[in-house]
Protein chains: 2
Amino acid sequence: MAEKQKSPRTTPKVVDVARIAGVSTATVSRVLNDPEKVSQTTRDAVLAAVKETGYRVNRAARNLRTNSSRSILALVPNLSNPFFSNILSGLERELNAEDYSLLVTDSGDALLTSDQMDRLISAGQADGLIVLDGSISRSDFATVQADNPSCPVVFACEWVEDVKCPSVRADNVGGVQKLVDHLWENGHRRFGHVMGPASNVLAQVRRDAFMSRVQELGGETRQNWILAGDFSIAAGRAAADQIGVMRDTPTAWICASDQIAFGLISGLTRAGFNVPTDMSVTGFDNIEMAEVFNPPLTTIHQSRNQMGHSAARTMLELIRGQKSDARVHILPVHLVDRDSTGPVPC
Amino acid sequence: MAEKQKSPRTTPKVVDVARIAGVSTATVSRVLNDPEKVSQTTRDAVLAAVKETGYRVNRAARNLRTNSSRSILALVPNLSNPFFSNILSGLERELNAEDYSLLVTDSGDALLTSDQMDRLISAGQADGLIVLDGSISRSDFATVQADNPSCPVVFACEWVEDVKCPSVRADNVGGVQKLVDHLWENGHRRFGHVMGPASNVLAQVRRDAFMSRVQELGGETRQNWILAGDFSIAAGRAAADQIGVMRDTPTAWICASDQIAFGLISGLTRAGFNVPTDMSVTGFDNIEMAEVFNPPLTTIHQSRNQMGHSAARTMLELIRGQKSDARVHILPVHLVDRDSTGPVPC
DNA sequence: TCGCCCCTTGTAATCGATTACATGTTCTCC
DNA sequence: GGAGAACATGTAATCGATTACAAGGGGCGA
C-alpha cells in the first residue's frame, strides 16, 4: 500500500498483484478464475490490487497452461455475402459475452480449406470450429477431424453430409415448399430453379425440395430448367442469359439465394422480360436488400441472428462438455410476399 | 529411425522431434525459425523428423516466449455491410500469407469499442489493430493508445482525425467531385446530399467535398437538402420520406454510400418519383449490388481488395519495425456511370 | 604449432499463468 | 477434548517453445 510504482515500466503480472495484495500467486489466480474458493476479505484485497495495478492476464501464458485458446474459428465460404456477415455478428456477440474471441477465415479460396483448418486448430489457436461452409468435401473434412479428434465442430447454416456434429440450420425444405406453394396458388404450373454450387449441401437440399414439391403438386419442371449456379449475383445473370435463348420457359423461377434472384431479375429485365408480369422470381434468405430491390423480392426469411446465437451456444456447451451430441437444430422460416411474384401470365 | 510410435497418444513437441532427429531442441527451433543458422544436413534431418512426427508448433508456447500473438485485430463498424466484408477478405488473404491470423470484431454495438480493444490488445491477443471504424471518438481512441503504447495501429477506409497513424483510404474528395461534375454535365444545378453518420469522418469528408464542389461550380444546395443518415439502407428510405414532403427539391441526390442510394431510390419510387427521369441519384462504393440494382446505380468505385491488401502490408511493415510512419495512402477511385443518373428534367 | 575467429550445436533459463499437493486453521460433533 | 471434515492459503511443478550463453571443432594466418 505504501509503495507506489509511478512508472509501470513493464506490464503487471500475477506476482505483482500478489505482492501488493499480500497473498500468493495461487490465490490471485483463484480469485480470477474460481472466486468462491477464496474468502471474501482476501478476494476484496486481491481485486483492489488488480484494480490498482491494472493487471490483465496474459492470454498466451494462460493458454499454454490450460491448453486452450478461448477462441473459436468460423469458416465462412464467402465473407462478402451479407448473409454470412449477419450470422457472424450473432456469433461474435454471443462468444464475446463468454469471453471467447471469434477468428474468421474465408474458405472462399478453397485452396486452403483443410490446410487452413489444420494450421489453426492443431496449432491450438482455436478451441472449436464453426463451419458455415457446406462445400467442404466429406473426405477433406474427415482428414481434419482425424488430425484433431478433440476439436469440437458445429455446423451453422450449411453442413457436411454424414458428419456427426451438432448442426444449426434453417428449415430449407419447408422454405422451398412455401415458395412453390405460393407460386402454385398464383396459378403457376411450370417451374424453373437456379441452383447454388452443385457441390454444396444447401444447394442440393433446396433443389431436391424444389423438385419433389413441384412433382407432388403435379406441376411441371424439366432437366434444362434447372440451372447451375453458385449463390452469387453473377450466377443469376448467367442464368438470365441462358433463359434468354430458351425456346420454352417456365413462368416461375425459384432461386437458391436472394443474390441469384437479384442477378436473374436484373438479367431478365435487361433482356426485355418484365418481373413479375412475364415471369415470377423468388429468392431465399431475405437479406436486407430484398426489401428495397426493384421489384421488392418475394423470398424466405431465416433468422440470421438466431442462427448465430444458437450455433455459439451449442459450441460453448460442447466445449464445456455438456454434450449436445449430433443434435440437429432446425430453425423455422417464413415466406415474405413481395412484388417479384404475381399471377401467372395468361 | 528404427523406432516408430504407432499411437501418438499426445501431440508431438520439440523434444520429440529433437530426439528423433538426434539433435537438441534449440536446433529444432532454429531450423523452424532461422534455417540459415543451421547446416544443411542437420536441417534436412530435422525437417524429416518434423514430417515424420507431424509436429506443429504450439502457438501458445511460442506466443508466451516471444511475447507476440501473430494475429491482427480488425475493428469493423458493421460486419453486415458488404463493403467491409470485401476489405476483410483482402486483409485476411494478405495476413495469412505471412502466417498471421485475422481477428474480427464488430464495433457496431459501440458499447464495447474501447473496452473491447483493451481486452484484446492488452491481453496480448493481438499484435496490431486495423481500424475500419471512423466513428470512434478521438478521446476513446487516445485512451486505448495510451494503455497500449506499443500496439501498432493502421486505419483502413475510415480513420480518426488527428491521430498519427498510417492510413489507407480512398480518394473521397475526388470521388465526390467526380459525381458532382458528372451531374453538372448532365445539366443539374440543384443538389442534395444524404450523409453518413454525423460523427463519422468519412461522412463529414464526403459532405464537405460535396458542399465545396457545388459551390465551386456555382450550383445550389441548401441546409435542408443535406439529410442526416448512417450509411444504411434504412437511412436512404428515411431520407425518401423527408423528400416526399419537401416543397422544393433538388434534381440530383448524392448519397454517402451505395446502400443509402438503394434505400433512397426504393423510397422515391414508392413515393411515385421516377429515377432518373424525375431525380438522379448516385451512390459511393460500387458494391456488387450496384450493377444489378434497378435502375443500375451510378457510383464511385473504390478498390476494396487493394485497400485490404495495402492496409495489411502497412501493418506488417509496422510490426517489423520498418517504420512507415503516419503515411497516408490515398487510393484512386473512378466513376461508374449507370442509369440512376440522367439529364435534368425540364 | 599456436591462437583466434567463425560456424554449428547444446545446455539451461525463461516467458506468466494455473493447479496438484501440502499445510495450517477453524469448526463440528461425539 | 480430540478426530476429522471443511475451508483457506501457500509452495513449487508445469505447460512448450525460444534464445542467451557456452562450448566444441575446423580453418587459417603467422
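Labels below follow one simple rule: chain letters A, B, ... track the order of the sequence lines, proteins then strands, and each chain is numbered from 1.
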Q: Ignoring hydrogens and angles, answer whether the base of C:dG16 and the side-chain atoms of A:R56 contain a donor-acceptor pair closer than 3.5 Å.
A: no

Q: Start with the C-alpha gap between B:R19 and B:D16, add the side-chain angles, then the distance that decides, and say whether salt bridge (Lys or Arg N to Asp or Glu O under 4.0 Å) holds.
A: CA-CA 5 Å; B:R19 184 164 24 79; B:D16 301 318; 2.8 Å; yes

Q: Output, in order, the C-alpha distance, side-chain angles, deciding distance and verdict of salt bridge (Lys or Arg N to Asp or Glu O under 4.0 Å) for B:R320 and B:E98.
A: CA-CA 12 Å; B:R320 290 176 185 150; B:E98 303 275 350; 3.0 Å; yes

Q: State whether B:T27 places a side-chain N or O below 4.0 Å from either non-bridging phosphate oxygen (OP1 or OP2) of C:dG10.
A: yes

Q) So what does B:V38 touch, heavy atoms closer than 4.0 Å: a base, only the sugar-phosphate, or nothing? A) sugar-phosphate

Q) Nearest to the side chain of A:S39 - D:dA8, D:dT11, D:dT18? A) D:dA8

Q: Could you check whether B:S29 gets within reach of a base, just the sugar-phosphate, or nothing at all, counting any heavy atom under 4.0 Å?
A: base

Q.
How about CG on A:N33, more than 12 heavy atoms from neighbouring residues, nucleotides or ligands closer than 6.0 Å, or not?
A. yes

(Q) Before you tell me yes or no, could you show the steps for B:E94 and B:R313 under salt bridge (Lys or Arg N to Asp or Glu O under 4.0 Å), namely the whole-Å CA-CA distance, both residues' side-chain angles and the distance that decides it to 0.1 Å? (A) CA-CA 7 Å; B:E94 192 70 19; B:R313 290 243 60 86; 2.4 Å; yes

**Q.** Nucleotide nearest A:R62 when distance is taken to its side chain, options C:dA17, D:dT19, D:dG10
**A.** C:dA17

(Q) Looking only at the side chain of A:R30 (C-beta and beyond, no hydrogens), which of the listed nucleotides C:dG16, D:dT9, C:dT18 gets closest? (A) D:dT9

Q | Sugar-phosphate only, base, or nothing, as touched by A:N33 at under 4.0 Å among non-hydrogen atoms | A | sugar-phosphate

Q) Any donor-acceptor pair under 3.5 Å joining the side chain of A:R65 to the base of D:dG16? A) no

Q | Comparing B:E36 and A:A61 on DNA chain C - which has the more 5′ nearest nucleotide | A | B:E36

Q) Out of C:dT19, C:dG16, C:dG10, which has the shortest distance to the side chain of B:S24? A) C:dG10

Q) Can you tell me if the side-chain N/O atoms of A:Y55 get under 4.0 Å from OP1 or OP2 in C:dG16? A) no

Q.
For a quick check of understanding: with a heavy-atom distance under 4.0 Å over all strands, which category does A:T42 fall into, base, sugar-phosphate or nothing?
A. sugar-phosphate

Q. When all nucleic acid strands are considered with a 4.0 Å heavy-atom cut-off, which category describes B:V23: base, sugar-phosphate, or nothing?
A. sugar-phosphate

